[in-house]
K.L.:
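Got a structure for you, written out below as structure tokens; questions coming shortly.
It should be emphasised that the depicted structure is a prediction, and the values quoted were computed from it without experimental measurement.
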Amino acid sequence: MQNGFSDEVMSEVRARFAHVEACPFEGPRVFFENAGGALTLNSVVDTSAKFAAIPDNQGRANGASRALVKIIERAKADMALMMNAPEGGQFFVGESGTELLFRLIMNACLARKGQGKVLSSSLEHPASRSAAARWSGEAGLEHVVIAHDDASGTIEAAAYAAAVSEDTVVATILHTSPVTGMGVDVAAVSAAIRAKAPDCLIIVDGIQHAAHGAIDLAAYNVDGYVISPYKMFSRHGYGLAWMSEALEQVAHNALDGGPLLNWEMGTRDTGAYATLTDVCGYLEWLGGAVSGASERRARIVAAGEAIHAQEKALTDAMIDGVGNLAGLREMERVTILGGPDNAAREGLVSLVVEGVPSVDVVERLNAAGVRTHLRKADHYSGNILTPLGLEGCVRVSMCHYNSVQDVSQFLAVMKEIAG
């Protein structure tokens, strides 16, 4: 089994990230905890240090301030390119992805107070589910939660089509599950919603998906899309949201007398914006390296396709085996959430081992130098695990800078654990 990238591109990709092969606290390790936070670009580390030392802020009458404003404007333009945003609307940053989902959903619900229904699914992360549950109640709206498919670990557009009605005024969609790793066809779900409720405000949690393939806002026909940049090669400390013209004009918290369409609360970190330009630049480089394309958006699309192909090579290797190492499919005591053959998978395999508590599997993998994560049937993952009768599972989350050699190391340990 080979990497999706050439050896040369694989080497260049890994050289652009910090701590690829070793933890600064525990030493050498394979990093399969990318769903908890991706590795950080070296350029982001440098940019963050540079801007942390700058004392100036935006909106002042000096050259430094004007330069900061231009950096923010460029970052927003880069995000529009990277996510293929339609004309109108805006990008802005907030405290975190969770905070931004709460804020967008809150304001959408209050803008449609007493007018009908809010539609969500049981697949969703608690950030969107909790926000929809609370603010539908505050706004006098009925909250309808569609059941996802437990067997596949995702939800189809048909399930939304069956539940949506003409009085659906707000809807939320999870682009990819951080527990099962399965993606959702956002464009198809949005089309199903708009077929009956064309003016519905649709908000998407793109946090898990962002690092695993291209984003195409123009194709989705939604009103809000949120990511957490630390899960897309940047850093902690902020979230990023895009909103449509329809959503940006609803009533929201803002300073009296200030710009009517300003959604940012206080002075934001210019360095956070600047790191988004680093992420965009990295994707442009990668797309050029794998495709030879020259046009910027074409390079970004090529990067998304290459990332998806590389991660499929990794998950296929993990499930079907590498060389003489058996894959998870052949380990009789291993059960893969969503099944071993699932086209919706995005760089993640969650599993349980019969007779071995998942917490012990995670500890044994970590002791052998493979970093994974325990998902428990709690407020974060109970919506996925409880219907399956599971108290927990092992989440093995990859990204395109991981290699088939990393997978081999994981499988060698799993052979001992599940043998």
Side-chain angles (χ1 to χ4, degrees), residues 1-40 42 178 181 211-212 231 233 306-338 340 345-375 392-419:
M1 194 68 169
Q2 300 296 318
N3 290 305
F5 295 144
S6 68
D7 291 344
E8 180 181 1
V9 170
M10 188 81 245
S11 178
E12 291 188 46
V13 163
R14 288 168 73 92
R16 281 169 163 77
F17 287 88
H19 305 307
V20 176
E21 297 181 350
C23 169
F25 302 101
E26 292 188 326
R29 55 93 180 94
V30 169
F31 191 74
F32 280 165
E33 224 291 89
N34 293 282
L39 295 181
T40 307
N42 291 321
H212 301 286
K231 294 191 177 184
F233 324 133
I307 286 170
H308 183 77
Q310 166 67 2
E311 292 179 358
K312 187 177 188 306
L314 296 174
T315 55
D316 284 353
M318 185 169 288
I319 293 169
D320 294 324
V322 180
N324 295 325
L325 287 169
L328 296 174
R329 184 197 301 273
E330 299 178 59
M331 299 181 187
E332 294 184 0
R333 294 166 59 198
V334 171
T335 298
I336 299 172
L337 274 63
R345 188 180 306 281
E346 291 190 353
L348 189 155
V349 178
S350 284
L351 61 93
V352 292
V353 179
E354 181 184 359
V356 186
S358 292
V359 63
D360 294 340
V361 176
V362 170
E363 289 179 357
R364 289 175 68 176
L365 284 165
N366 194 56
V370 181
R371 184 78 51 83
T372 60
H373 182 55
L374 171 70
R375 298 302 325 200
C393 71
V394 181
R395 184 179 70 186
V396 189
S397 52
M398 290 154 277
C399 209
H400 68 281
Y401 39 68
N402 288 121
S403 68
V404 171
Q405 179 57 42
D406 293 337
V407 174
S408 297
Q409 187 171 336
F410 164 81
L411 289 176
V413 182
M414 284 300 299
K415 180 181 178 180
E416 297 179 3
I417 295 172

K.L.:
Closer than 3.5 angstrom, by distance alone: can the side chain of Asp320 be matched with the main-chain N or O of Gly327 as a donor-acceptor pair?
P.N.:
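A pair under 3.5 Å: no.
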K.L.:
Return the OG to NE2 distance between Ser350 and His373, rounded to the nearest 0.5 Å.
P.N.:
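NE2 of His373 is found 10.0 Å from OG of Ser350.
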K.L.:
Before you tell me yes or no, could you show the steps for Leu337 and Val349 under side chain to side chain contact (heavy atoms under 4.5 Å, CB included), namely the whole-Å CA-CA distance, both residues' side-chain angles and the distance that decides it to 0.1 Å?
P.N.:
CA-CA 7 Å; Leu337 274 63; Val349 178; over 6 Å; no
K.L.:
Would you confirm whether Arg29, through its side chain, and Val20, through its main-chain N or O, come within 3.5 Å as a donor-acceptor pair?
P.N.:
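It does hold such a pair.
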K.L.:
I want to check something: taking the side chain as every heavy atom from C-beta on, are Phe5 and Val13 in contact at a cut-off of under 4.5 Å?
P.N.:
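Yes - at least one pair of side-chain heavy atoms lies under 4.5 Å apart.
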K.L.:
Nearest 0.5 Å, please: how far is CD in Gln409 from CG in Leu325?
P.N.:
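Taking CG in Leu325 and CD in Gln409, the distance rounds to 11.0 Å.
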K.L.:
Measure across Ser397 and Ala35 and return the closest heavy-atom pair with its distance rounded to 0.1 Å.
P.N.:
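Of all heavy-atom pairs spanning Ser397 and Ala35, the closest is OG-N, 2.9 Å.
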K.L.:
Assign the ring pair His400 / Phe233 to parallel, tilted or perpendicular, where the plane angle (0 to 90°) is split at 30° and 60°.
P.N.:
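Taking Phe233 first and then His400, their aromatic rings stand perpendicular (interplane angle over 60°).
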K.L.:
Take Val334 and Val352 through the test side chain to side chain contact (heavy atoms under 4.5 Å, CB included) and record every step on the way to the result.
P.N.:
CA-CA 6 Å; Val334 171; Val352 292; over 6 Å; no
K.L.:
I need the minimum non-hydrogen distance between Met331 and Lys415, along with the two atoms involved.
P.N.:
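Met331 and Lys415 have their closest heavy atoms at CE-N, 4.0 Å.
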K.L.:
Can you check whether Arg371's main-chain N or O pairs, donor with acceptor, with Glu33's side chain at less than 3.5 Å?
P.N.:
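Between the backbone of Arg371 and the side chain of Glu33 there is no qualifying donor-acceptor contact (under 3.5 Å).
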K.L.:
Ile417 and Val356: which non-hydrogen atoms are nearest, and at how many Å?
P.N.:
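That closest heavy-atom pairing would be O-CG2, 4.2 Å.
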K.L.:
Minimum heavy-atom separation for Leu411 to Ala317, with atom names?
P.N.:
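Shortest heavy-atom contact: CD1-O, 3.7 Å.
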K.L.:
Please confirm whether the ring centroid of His19 lies under 6.0 Å from the ring centroid of Phe25.
P.N.:
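They do not qualify: ring centres at least 6.0 Å apart.
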K.L.:
Return yes if some donor-acceptor pair links the side-chain N/O of Tyr401 with the main-chain N/O of Met10 below 3.5 Å, else return no.
P.N.:
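Not a single qualifying donor-acceptor pair exists.
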K.L.:
Can you check whether Cys399's main-chain N or O pairs, donor with acceptor, with Asn402's side chain at less than 3.5 Å?
P.N.:
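Here the side-chain-to-backbone pair exists.
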K.L.:
Any salt bridge linking Arg14 with Asp406? Criterion: basic side-chain nitrogen under 4.0 Å from a carboxylate oxygen.
P.N.:
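Salt bridge flag = yes for Asp406 with Arg14.
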K.L.:
Do the side chains of Gln310 and Ile307 get nearer than 4.5 Å, heavy atoms only?
P.N.:
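Of all side-chain heavy-atom pairs linking Gln310 with Ile307, none is under 4.5 Å.
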K.L.:
Looking only at atom types and distance, does a side-chain atom of Asn42 sit under 3.5 Å from a main-chain N or O of Ala15, one as donor and one as acceptor?
P.N.:
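Side chain of Asn42 to backbone of Ala15, a donor-acceptor pair under 3.5 Å: yes, one is there.
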K.L.:
So Leu365 and Val394, side chain to side chain contact (heavy atoms under 4.5 Å, CB included) or not? Walk me through it.
P.N.:
CA-CA 10 Å; Leu365 284 165; Val394 181; 4.3 Å; yes
K.L.:
For the CG atom of Asn34 and the CD atom of Glu311, what is their distance to the nearest 0.5 Å?
P.N.:
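Rounded to the nearest 0.5 Å, the CG-CD separation comes out at 8.0 Å.
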K.L.:
How long is the span from the CG atom in Asp7 to the OG atom in Ser403, to the nearest 0.5 Å?
P.N.:
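Atom-to-atom, Asp7:CG and Ser403:OG are 10.0 Å apart.
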K.L.:
Please check: side-chain N/O of Arg395 versus main-chain N/O of Pro178, any donor-acceptor pairing under 3.5 Å?
P.N.:
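At least one qualifying donor-acceptor pair exists.
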K.L.:
Test Leu328 against every option in Leu351, Thr315, Val353, Thr335 by the side-chain contact (heavy atoms from CB on, under 4.5 Å) rule and name the one that passes.
P.N.:
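Only one of Leu351, Thr315, Val353, Thr335 forms a side-chain contact (heavy atoms from CB on, under 4.5 Å) with Leu328, namely Leu351.
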K.L.:
Shortest non-hydrogen contact from Phe32 to Val396?
P.N.:
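Closest approach of Phe32 to Val396: CD1-CG1, 3.5 Å.
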K.L.:
Do you see a donor-acceptor pair shorter than 3.5 Å between the side chains of Glu346 and His308?
P.N.:
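Looking only at side-chain atoms, His308 and Glu346 do not form any donor-acceptor pair under 3.5 Å.
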K.L.:
To the nearest 0.5 Å, what is the distance between CG (Leu374) and CG (Asp360)?
P.N.:
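Leu374 atom CG to Asp360 atom CG measures 9.5 Å (nearest 0.5 Å).
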K.L.:
Taking it one step at a time, do Met398 and Met318 satisfy side chain to side chain contact (heavy atoms under 4.5 Å, CB included)?
P.N.:
CA-CA 10 Å; Met398 290 154 277; Met318 185 169 288; 3.6 Å; yes
